[in-house]
Amino acid sequence: MSTTSAEPVVSETSEPTASTPVPPTDTTPKAPPSGRGPVARALILAGPPLGVLAVLVGIWYLIAGILTATGKGFLLPMPHEMFTKGFFDPQVSVDIWTALFRTTGVALTGLAVAMVIGIGWAIAMSLARWVERSTYAYAVILQCIPILALVPLVGFWFGYEFTARVIVCILIALFPMVSNTLFGLQSVDKSQRELFRLQKANKWTVLTKLTLPAALPSIFVGMRTSAGLSVIGAIVGDYFFRRGEPGIGSLISNYQSRLQSAELFASILAACLLGVVIFALFGWLSKVAVGRWYEAAR
């Protein structure tokens with residue numbers, strides 16, 4: 001008597017039916033999880049600059065040691081002497097920080113005036129082509145003239161005190177504001193200009209609603225560049241204009257004439273820190289003002 005098997009036959013290639021949906025597979029490559037914490041990331045970012053600084057300080061110590069052994073140590077002091085004889089000396093530190101405060105006032109005043117003149121000049125050139133054709137060449141000429149050639153003339157005309165130092169700052173810091181602002185105003189997308197033209201917007205509406213907001217990143221680039229140059233202008237003015245309240249430039253000149261190398265390097269370091277702080281300040285303002293939408297649009 002024959003028997004039939006009731007075992008189900010399973011096909012080797014089973015296909016999903018409509019009643020059994022297949023979940024979609026994510027084919028996007030996933031980045032491997034990073035086990036680096038914030039401290040590790042900070043060390044990675046700060047490690048290379050600190051390594052270069054350590055190498056430079058080591059070379060400085062080597063050269064200063066050789067000069068000291070040959071009786072010419074006044075040419076280059078040991079790095080630690082900038083602090084022991086400079087910043088940590090009560091009298092010298094008071095002189096340095098007081099002079100630096102005065103130089104900061106000159107630099108910020110000149111920078112503010114340069115920003116107002118530069119942005120206004122660039123707006124005028126962007127609104128009227130004839131203004132750009134008539135005046136932009138003189139901005140380039142002003143940038144090409146060595147500032148040391150103009151310093152005696154500025155002192156002859158405006159005296160040798162605060163006003164003359166501010167004018168030197170303006171002369172140095174003006175061109176980056178003009179050029180960067182004009183570049184930003186003229187770099188607006190043509191289709192956006194056409195849209196405003198279709199809406200029959202006047203020049204003031206186009207300026208305030210389109211060109212100026214779009215030019216803000218370039219304006220802040222000009223501010224950062226002019227910030228560093230304004231510090232240079234303030235120091236140059238202090239160095240040549242000795243009347244009135246002395247700034248860090250006058251202090252550098254005094255230490256140079258007395259061959260006080262440790263105090264000289266300390267004052268130079270303070271001036272460098274001033275430039276870095278002002279540059280970083282405008283970098284932070286740029287991120288606060290345009291950082292979010294500008295980075296997202298790039």
Side-chain angles (χ1 to χ4, degrees), residues 53 56-57 60 64 73-116 147-148 150-174 176 223-285:
L53 178 62
L56 293 177
V57 171
W60 187 344
F74 63 92
L75 295 177
L76 185 65
M78 294 291 183
H80 64 271
E81 292 180 349
M82 286 194 306
F83 299 92
T84 58
K85 297 181 179 180
F87 295 112
F88 296 159
D89 184 275
Q91 182 60 43
V92 176
S93 63
V94 169
D95 292 340
I96 290 177
W97 296 122
T98 303
L100 191 68
F101 176 78
R102 294 167 179 165
T103 301
T104 304
V106 174
L108 293 179
T109 303
L111 177 61
V113 176
M115 288 166 52
V116 173
I147 191 61
L148 295 181
L150 295 177
V151 166
L153 189 61
V154 171
F156 181 73
W157 283 347
F158 301 99
Y160 298 90
E161 298 185 4
F162 182 82
T163 303
R165 297 169 185 173
V166 170
I167 291 175
V168 173
C169 291
I170 296 172
L171 294 176
I172 293 181
L174 181 60
M223 287 181 182
R224 292 199 299 269
T225 306
S226 297
L229 294 176
S230 66
V231 176
I232 296 175
I235 295 174
V236 170
D238 289 335
Y239 194 87
F240 284 94
F241 303 145
R242 305 295 180 84
R243 298 179 186 175
E245 297 180 340
I248 196 69
S250 301
L251 205 61
I252 290 174
S253 177
N254 293 335
Y255 290 145
Q256 177 193 10
S257 61
R258 300 170 188 168
L259 298 180
Q260 295 175 294
S261 57
E263 293 83 351
L264 173 63
F265 275 84
S267 58
I268 293 174
L269 179 60
C272 294
L273 293 177
L274 172 61
V276 171
V277 168
I278 295 180
F279 183 88
L281 173 63
F282 280 95
W284 175 77
L285 290 176

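Below, each value reflects all heavy atoms present in this structure, side chains not excepted, and no hydrogens, waters or symmetry copies.
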(Q) Rounded at 0.5 Å granularity, tell me how far CD1 in Ile252 sits from OG in Ser257. (A) 12.0 Å

**Q.** Separation of Leu251 CG from Tyr239 OH (nearest 0.5 Å)
**A.** 12.0 Å

Q. For the residue pair Pro77 and Ala64, what are the closest heavy atoms and their distance?
A. O-CB, 3.8 Å

Q. Between Leu229 and Pro176, what is the shortest heavy-atom contact and its length?
A. CD1-CG, 3.5 Å

Q. Quick one: side-chain hydrogen bond (donor to acceptor under 3.5 Å, both in side chains) partners of Ser226, sequence neighbours excluded?
A. none

(Q) Taking side-chain contact (heavy atoms from CB on, under 4.5 Å) as the definition, give me every residue that meets it alongside Ile167, ordered by chain and number, with sequence neighbours left out. (A) Val154, Phe158, Thr163, Leu171

**Q.** Side chain proximity check, Val92 to Tyr255, heavy atoms < 4.5 angstrom
**A.** yes

Q. Donor-acceptor pair, Thr103 side chain versus Ile248 backbone, under 3.5 Å?
A. yes

Q) Between Ser230 and Cys169, which heavy-atom pair has the shortest distance, and what is it? A) O-SG, 3.3 Å

Q.
My understanding is that only residues two or more places apart in sequence, or in another chain, count here; which of them pass side-chain contact (heavy atoms from CB on, under 4.5 Å) with Leu75?
A. Leu67, Lys72

Only pairs under 3.5 Å count here: list side-chain donor-acceptor contacts from residues 105-112, not counting sequence neighbours, and write none if there are none.
residue: Thr109; atom: OG1; partner: Gly105; partner atom: O; Å: 2.7

Q: With sequence neighbours left out, write down each residue that passes salt bridge (Lys or Arg N to Asp or Glu O under 4.0 Å) with Arg102, or none if nothing qualifies.
A: Glu245

Q) What's the spacing between Trp60 CH2 and Leu53 CG if we round to 0.5 Å? A) 10.0 Å

Q. How would you list, by chain and number, every residue that makes a ring-ring contact (aromatic ring centres under 6.0 Å, His included) with Phe87, sequence neighbours excluded?
A. Phe83, Trp97

Q: Mind jotting down which residue pairs meet the salt bridge (Lys or Arg N to Asp or Glu O under 4.0 Å) criterion with at least one end in residues 73-96? Sequence neighbours excluded, please.
A: none

Show me, pair by pair, the donor-acceptor contacts under 3.5 angstrom made by side chains of residues 265-279, not counting sequence neighbours?
residue: Ser267; atom: OG; partner: Glu263; partner atom: O; Å: 3.3
residue: Ser267; atom: OG; partner: Leu264; partner atom: O; Å: 2.7

